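Below: one structure, written as structure tokens.
Predicted model, so just to flag it, every value in this text is computed and none were measured.
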Amino acid sequence: WLEAHPFHYVILDESQVIKNPTSETFKAVRHLRCKKRLCLTGTPVENRTMDLWSQFAFLNPGYLGGVSYFKERFANPIERNQNPDAAELLRKLVFPFILRRTKDQVALELPPRTVKEVWCELTPSQRKVYQEYRDKYRDQILEQIHDEGIKKSQMKIIEALLRLRQISNHPRLVQKQYPGDSGKMDSLVETMETLVEEGHQALVFSSFTGMLKLIQREIKKRKWKHLYLDGQTKDRQELVDQFQKDSSIPFFLISLKAGGAGLNLTAADYVLHVDPWWNPAAENQASDRAHRIGQTKPVFVYKFLMKDSVEDKILELQNRKQEMVSQLVSSEQSFFKSLTEADVENLLDG
């Protein structure tokens with residue numbers, strides 16, 4: 001129906017949604033007829049350089065070449081080889097078409113945001129489970145890489161990293177009958193107790209709804225007020241309004257995927273990230289739920305990280321590998337596709 005109408009302007013808000021060129025959404029918007037086109041987004045590159053190609057294919061078809069050409073000329077050199085020349089050329093090509101203003105430029109009155117890493121220790125019982133799973137996956141994956149190559153081993157690698165991240169949070173996420181404790185849960189609850197005593201409101205983000213449920217149990221034990229939002233939540237705005245208006249609710253538990261964008265929660269002055277996500281931009285967007293126009297208090301962001309675990313190693317690996325298009329985007333390169341066998345060994349090493 002929309003395709004039949006000639007438009008003067010077609011504007012895509014949150015245009016990173018069309019990042020996948022094989023998706024029906026991408027194909028549909030390219031069929032819209034119009035004289036002018038505009039993309040609005042805070043994350044033009046969310047996961048990989050191809051995200052940028054998809055949006056330019058809508059804005060100015062053909063400008064960055066076809067998919068195969070773009071991958072060969074830009075995506076692969078930038079993501080796999082961290083080639084600065086390819087990144088600089090792409091920056092020069094897209095720069096004339098980008099109007100960019102950061103939040104610091106727009107919202108001069110915005111209070112400061114402080115980010116703190118909170119390092120936790122594996123408890124003895126937690127370490128035992130972690131080492132058991134790590135050793136099991138390490139043997140399986142290195143054998144599979146040797147037999148089939150690293151590309152065919154990616155699903156197993158992702159599964160291993162997922163399980164080790166869950167154990168770093170709490171072993172109960174992989175062993176429901178696990179009787180022991182969790183160093184991260186202990187540290188998190190201790191921080192939450194302080195926030196309650198001092199009368200703060202906090203957003204608590206995790207990429208695992210199972211972890212949010214475990215945190216919810218601890219909250220209920222202590223009879224603290226709280227709200228909960230994940231992908232199954234229907235009355236999102238009602239919960240947001242409740243949190244914004246009632247300062248006696250200290251915690252809003254939110255799944256990173258469901259609540260990382262589109263929510264205004266400036267009543268909170270603390271943001272607690274229970275676990276690191278592959279994409280720093282996703283974490284930043286989640287923190288921005290509290291640190292946005294309308295916020296009058298300084299915002300403190302706490303990132304809970306487990307020492308001597310895959311979380312520790314993931315951050316090291318990201319720091320070594322993160323070379324994206326300078327001055328253009330704030331995201332990470334395609335994480336899994338850039339892993340080498342040596343990287344996998346390091347991630348799963350003791």
- Message: Quick one: does any side-chain atom of Gln166 pair with a main-chain N or O of Arg172 as donor and acceptor, under 3.5 Å?
- Response: no

CD (Glu148) with more than 12 external heavy atoms under 6.0 Å: yes

side-chain hydrogen bond (donor to acceptor under 3.5 Å, both in side chains) between Gln55 and Thr41: does it pass, once the steps are laid out?
CA-CA 10 Å; Gln55 290 162 90; Thr41 176; 4.7 Å; no

* Asked: Hey, does the side chain of Glu218 reach the backbone of Leu214 with a donor-acceptor pair shorter than 3.5 angstrom?
  -> no

Inset, instruction - Evaluate whether atom NZ of Lys136 has more than 12 neighbouring non-hydrogen atoms of other residues, nucleotides or ligands under 6.0 angstrom away. - result: yes

Scan the side chains in residues 243-260 for donor-acceptor partners under 3.5 Å anywhere in the protein, sequence neighbours excluded, and list what turns up.
residue : atom : partner : partner atom : Å
Gln244  : OE1  : Thr266  : N            : 3.1
Gln244  : OE1  : Ala267  : N            : 2.8
Gln244  : NE2  : Thr266  : OG1          : 3.1
Asp246  : OD1  : Ser248  : N            : 2.9
Asp246  : OD1  : Ser248  : OG           : 2.5
Asp246  : OD2  : Ser248  : OG           : 3.3
Ser248  : OG   : Lys225  : NZ           : 2.9
Ser255  : OG   : Ala258  : N            : 3.4

Between Leu229 and Thr233, the two heavy atoms sitting closest are CA-OG1, 3.4 Å

Please tabulate, for the side chains in residues 59-68, all donor-acceptor contacts under 3.5 angstrom to protein atoms that are two or more places apart in sequence or on a different chain.
residue : atom : partner : partner atom : Å
Tyr63   : OH   : Leu93   : O            : 2.7

Quiz prompt | Distance under 6.0 Å and angle within 45° of ring axis: Arg91 vs Phe95 | solution = yes

**OP:** Using the ring of Tyr9 (Phe, Tyr or Trp, six-membered ring only), decide whether Arg37 places NZ or CZ under 6.0 Å from its centre and within 45 degrees of its axis.
**Re:** no

- request: Check the angle between the aromatic planes of His273 and Phe205 and answer parallel, tilted or perpendicular using the 30° and 60° thresholds.
  value: parallel

Worksheet item: Does Ser309 reach the main-chain N or O of Met306 with its side chain, forming a donor-acceptor pair under 3.5 Å?
Response: yes

Item to complete: Would you check if the side chain of Ser23 reaches a backbone N or O of Phe26 as a donor-acceptor pair within less than 3.5 Å?
Response: yes

Does atom CD of Glu109 have more than 12 heavy-atom neighbours, drawn from other residues, nucleotides or ligands, at distances under 6.0 Å?
-> yes

Open item on the list: Would the distance check show the side chain of Asn81 and the main-chain N or O of Asn83 forming a donor-acceptor pair, the cut-off being under 3.5 Å?
Closed with: no

Sequence neighbours excluded, the answer for ring-ring contact (aromatic ring centres under 6.0 Å, His included) partners of Phe300 is Tyr270

Would you say Ser206's side chain and Leu212's backbone share a donor-acceptor pair under 3.5 angstrom? no

